[in-house]
Amino acid sequence: RKEVEQDPGPFNVPEGATVAFNCTYSNSASQSFFWYRQDCRKEPKLLMSVYSSGNEDGRFTAQLNRASQYISLLIRDSKLSDSATYLCVVNIGTGGFKTIFGAGTRLFVKA
Amino acid sequence: DTAVSQTPKYLVTQMGNDKSIKCEQNLGHDTMYWYKQDSKKFLKIMFSYNNKELIINETVPNRFSPKSPDKAHLNLHINSLELGDSAVYFCASSQDFGASEQYFGPGTRLTVT
């Protein structure tokens with residue numbers, strides 16, 4: 001089993017749609033969680049951290065369920081510019097961290 | 001100003017050659033990383049350095065040798081290049097080891113022929 005698994009893509013949605021991505025992690029020593037965005041042929045960039053209480057940044061909402069070892073990202077009112085690959089990222093360990101990236105979920109938002 | 005920079009951006013070379021990729025960050029971060037992203041787009045950590053010291057060395061062939069002359073630089077030297085080394089290599093940095101955000105360089109696209 002992969003340490004971090006994401007929904008297989010791609011997701012094809014119309015502008016204005018709401019889309020949700022899921023991610024599961026296998027290591028209970030996972031300490032911190034993030035969503036990164038990677039545009040085609042570009043570097044990954046942090047989209048948002050994921051906190052236990054859930055957090056929102058504009059149209060983006062991230063949630064964490066430690067008991068189920070599950071992370072989600074919700075995008076409301078999708079824009080064309082949201083088209084990208086979304087990477088679920090987990091830091092594992094205490095003292096010595098190891099960063100594990102999920103394989104990513106591709107999103108296409110169409111007019 | 002570029003936060004994390006890498007050179008070269010593209011590198012095409014033949015099997016068996018030795019090549020280096022340079023990385024510099026001007027963010028004052030303590031920790032730097034090298035990642036490999038293969039053709040399937042899977043991003044995998046190779047090395048982590050904290051304050052110039054190697055912290056993590058994943059299962060990477062010893063043909064790959066990182067070197068950190070100071071906290072702002074982490075270079076990657078690759079000996080005897082193989083076809084399977086073709087990938088995009090990303091350098092990244094974070095404020096400290098285990099910290100939240102990692103800032104990535106633009107990547108070096110290595111093609112081994």
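Below, read A as the first sequence line, B as the second, and so on, with proteins coming before strands; counting in each chain starts at 1. What you are looking at is a predicted structure, and each value in this text was computed from that prediction instead of being measured.
Residues of residues 99-107 of chain A lying under 4.5 angstrom from chain B, judged on non-hydrogen atoms, are Thr99(A), Phe101(A), Gly102(A), Ala103(A) by number. Proximity to chain A at a heavy-atom threshold of 4.5 Å picks out nothing from residues 64-72 of chain B.
At a 4.5 Å heavy-atom cutoff, the contact between Tyr35(B) and chain A is made by side-chain atoms alone.
In the displayed structure, Tyr103(B) atom OH is contacted under 6.0 Å by at most 12 heavy atoms of other residues, nucleotides or ligands. Surrounding CD of Gln63(A) are at most 12 heavy atoms belonging to other residues, nucleotides or ligands under 6.0 Å away. Enclosure of atom CZ in Phe42(B) by more than 12 non-hydrogen atoms of other residues, nucleotides or ligands within 6.0 angstrom is indicated.
Both Met32(B) and Leu76(B) are members of a single hydrophobic cluster when ILVMFWY side chains are connected at heavy-atom separations under 4.5 Å. No path of Ile, Leu, Val, Met, Phe, Trp and Tyr side chains, each step under 4.5 Å between heavy atoms, connects Ile45(B) with Trp34(B), placing them in separate hydrophobic clusters. Each of Leu74(A) and Val109(A) belongs to its own hydrophobic cluster when Ile, Leu, Val, Met, Phe, Trp and Tyr are linked at side-chain heavy-atom distances under 4.5 angstrom. Under a hydrophobic clustering in which Ile, Leu, Val, Met, Phe, Trp and Tyr are joined whenever their side-chain heavy atoms come within less than 4.5 Å, directly or via other members, Phe33(A) and Ile75(A) fall into the same cluster. With hydrophobic clusters built from ILVMFWY side chains whose heavy atoms lie under 4.5 angstrom apart, Tyr33(B) shares a cluster with Phe34(A).
Residue Gln38(A) comes nearest to Phe90(B) through the heavy atom pair NE2-CZ, 3.7 Å, listed as atom of the first residue, atom of the second, then distance. Here the closest heavy-atom approach between residue Gln102(B) and residue Tyr36(A) is recorded as N-OH, 2.8 Å.
Taken from NZ in Lys41(B) to CG in Leu87(A), the straight-line distance is 11.5 Å, to the nearest 0.5 Å.
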